[in-house]
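A short worksheet on the structure shown next.
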Amino acid sequence: MAPGPTGPFHIGRTRTALLNWLFARHHGGTFVLRIEDTDQKRSRPEHLQSILDSLRWLNLTWDEGPDVGGPYPPYFQMGRLSTYQECAESLLRAGNAYTCYCTSAELDALREEARREHRAFRYPRTCRYLSDEQRAAREAMGLSHVVRLAVPDEGATGFDDLVLGPIQVDNSEIDDFVIVKSDGIPTYNFAVVVDDVTMEISHVIRGQDHVPNTPRQILVYNFLGKKTPAFAHVPLVVGMDRGKISARHGAEAVVAYGDDGFLPESIINYLATLGASYPEEREIFSPEELVEAFDLSHFGKASPVWNEEKLEWMNGVHIRSLSLDEFVERSLPFLQLRGLISSPPTDEELLRARRALALEQTRVRTLGDTPSAVEFFLQEKLAYDPATLVQKKSSPEEASLILAAVARILQEAAPSFSASELEPMFRHLTDELGLKTGTVFGTVRVAVTGRTAAPGLFETLEVLGRDTSLARVNQAIESLRGWE
């Protein structure tokens, strides 16, 4: 991963890391996190921290890498400069690379010429065939240089992609690309090859946008006399507008999904099944089940579409699978942020929140929904339009009659105040008043919750308790008087 400032650690990068992690875990391999920090102008500590924080939030722990070390250090590219230099010098000695003294101004002029002629720019190999004397003269003049790979004139370079199948590119289509810049820093296509060789990397799983880089990298492997790893290029995730999800387009930091109330296991589930087809068309997996079921053959060649609505649905399924203790623990920070309970909560607040959350666990899709879902349980007073107390085809007088009768029932209710005891009392009241159940229950629901839709009425009353329920019914009676 490169800690570049072009954007947050978004879902595209998360998916790349996740698929590597699942592959390594499934095969009992080693998951390696390497920080590609050779672009010093763009690499910053805060961008590195974003990578580490995101992977940790997702519980994608690495076996080797920053903070944990490993047998193949360093895990930052800038710590391997001497190795890059040695490899570059070996390519120069073998004639598989050469020094290039063309200036930026000269190259810019050639690019402009190609643009005017409506053709792709390719370096014309101006310095490839310089004599030793000519190179010595340029060195004596103190001219700076880069190192370019001497790509073969003929033949083709190919590989069998584990997702896309056989891919082959004519060498004539590959220009003599730079492998070491004038400041001695290696370019991406050279550095990663040296890294992978040095660290004995067996498999590289990355986005399909890296396919053009792979033949270039294979040429470097070949010139170094090293075996290439297996490559898998997964189609890129696109937005609903079919635009690429990237650091600059349609991307949100993955940890922001946590701030919005998504579970890390839901993000993992969605990304691991996005663009993939699992047996029996199964969609819901725990991380452990994904490790067991993972196979690159599940992934298709078409770009999958990011669907926020489906992610929300999947998150709701995972929320419902949590134990109540887990659901409460994960919901508390959201309730505290809204100011609904203290930090830390009192025992009374925690009990009330727990009982309220138990009624809402099957109804919310994200943890971010929980404050709005349970706030009427935790507030002192409710604010609502008195008109909502009056049900369809009813009247303010009838609503007042209902509430007065309900206040009497609540006062007479047993101290246990359980849903099982309250329900028959309310149904008897409905018969006594000669009104429809929906009319009576609807009025009471608004009175005690401030809402027309809420969890079961009797379970809600039980959680609120007799004193709060009675106070809210009396508040509703007063609001109707003022409204009339």
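Just the heavy atoms: all of them, side chains too, but no hydrogens, waters or symmetry mates, feed the values below. Since this is a predicted model, take the numbers as computed values, not measurements. Numbers here simply count residues along the sequence, with the first being 1.
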Report task. Step by step, work out the salt bridge (Lys or Arg N to Asp or Glu O under 4.0 Å) result for E113 and R119. Result -> CA-CA 9 Å; E113 181 181 332; R119 57 179 173 82; 3.7 Å; yes
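- Cation-pi contact between R148 and Y123: present, with separation from the ring centre below 6.0 Å and deviation from the ring axis of at most 45°.
- A donor-acceptor pair under 3.5 Å is formed between the side chain of Q361 and the backbone N or O of I319.
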Report task. For salt bridge (Lys or Arg N to Asp or Glu O under 4.0 Å), just list the numbers for R56 and D67, CA-CA rounded to whole Å, side-chain angles, deciding distance to a tenth of an Å, and then say yes or no. Result -> CA-CA 12 Å; R56 287 184 180 126; D67 298 347; 2.4 Å; yes
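- The two atoms that bring F327 and V364 nearest to each other are CZ-CG2, 4.0 Å, heavy atoms only.
- The salt bridge (charged side-chain N to carboxylate O under 4.0 Å, His left out) test applied to E349 returns no partner, not counting sequence neighbours.
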Query - Stepwise side-chain hydrogen bond (donor to acceptor under 3.5 Å, both in side chains) check, H233 with T214 - result: CA-CA 10 Å; H233 293 87; T214 307; 2.9 Å; yes
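- Centroid-to-centroid, the aromatic rings of F458 and F441 come within less than 6.0 Å.
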Query - Test side chain to side chain contact (heavy atoms under 4.5 Å, CB included) applied to L149 and D176, step by step - result: CA-CA 5 Å; L149 197 74; D176 288 3; 5.9 Å; no
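- Taking a cutoff of 4.0 Å between a charged side-chain nitrogen and a carboxylate oxygen, D132 and R135 do not qualify as a salt bridge.
- The CZ atom of R13 sits 9.0 Å away from the OG atom of S54 when rounded to the nearest 0.5 Å.
- Shortest non-hydrogen contact noted between T370 and L367 is OG1-O, 2.5 Å.
- Heavy atoms only, all atoms of each residue included: V147 and A97 are closest at CG1-CB, 3.9 Å.
- Using cut-offs of 30° and 60° for the angle between ring planes, the H298 and Y278 rings count as tilted.
- Ring pair Y188/H210 is tilted by interplanar angle, where 30° to 60° counts as tilted.
- For the pair V163 and A232, the tightest heavy-atom approach, listed with the atom from each and the gap, is CG2-CB, 4.1 Å.
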**Report entry** Stepwise salt bridge (Lys or Arg N to Asp or Glu O under 4.0 Å) check, R330 with D325
**Finding:** CA-CA 9 Å; R330 298 197 196 195; D325 286 342; over 6 Å; no
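- Across all non-hydrogen atoms, the minimal contact from S90 to L224 is OG-CD2, 3.9 Å.
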Query - salt bridge (Lys or Arg N to Asp or Glu O under 4.0 Å) evaluation trace for E283 with K310 - result: CA-CA 11 Å; E283 292 187 292; K310 184 169 184 180; 2.3 Å; yes
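- Annotation for R352 and L378: closest pair CG-CD2, 3.3 Å, computed over non-hydrogen atoms.
- Remark: R125 fails to qualify as a cation-pi partner of Y129 under the 6.0 Å distance and 45° angle criteria applied to the six-membered ring.
- Note that the OG1 atom of T14 and the CD1 atom of I268 stand 9.5 Å from one another [nearest 0.5 Å].
- In this structure, I201 and V32 have side chains that are in contact, with non-hydrogen atoms separated by less than 4.5 Å.
- To the nearest 0.5 Å, the span separating CD on E329 from CG on L324 amounts to 11.5 Å.
- Residues Y270 and W306 place their aromatic rings such that the two centres sit under 6.0 Å apart.
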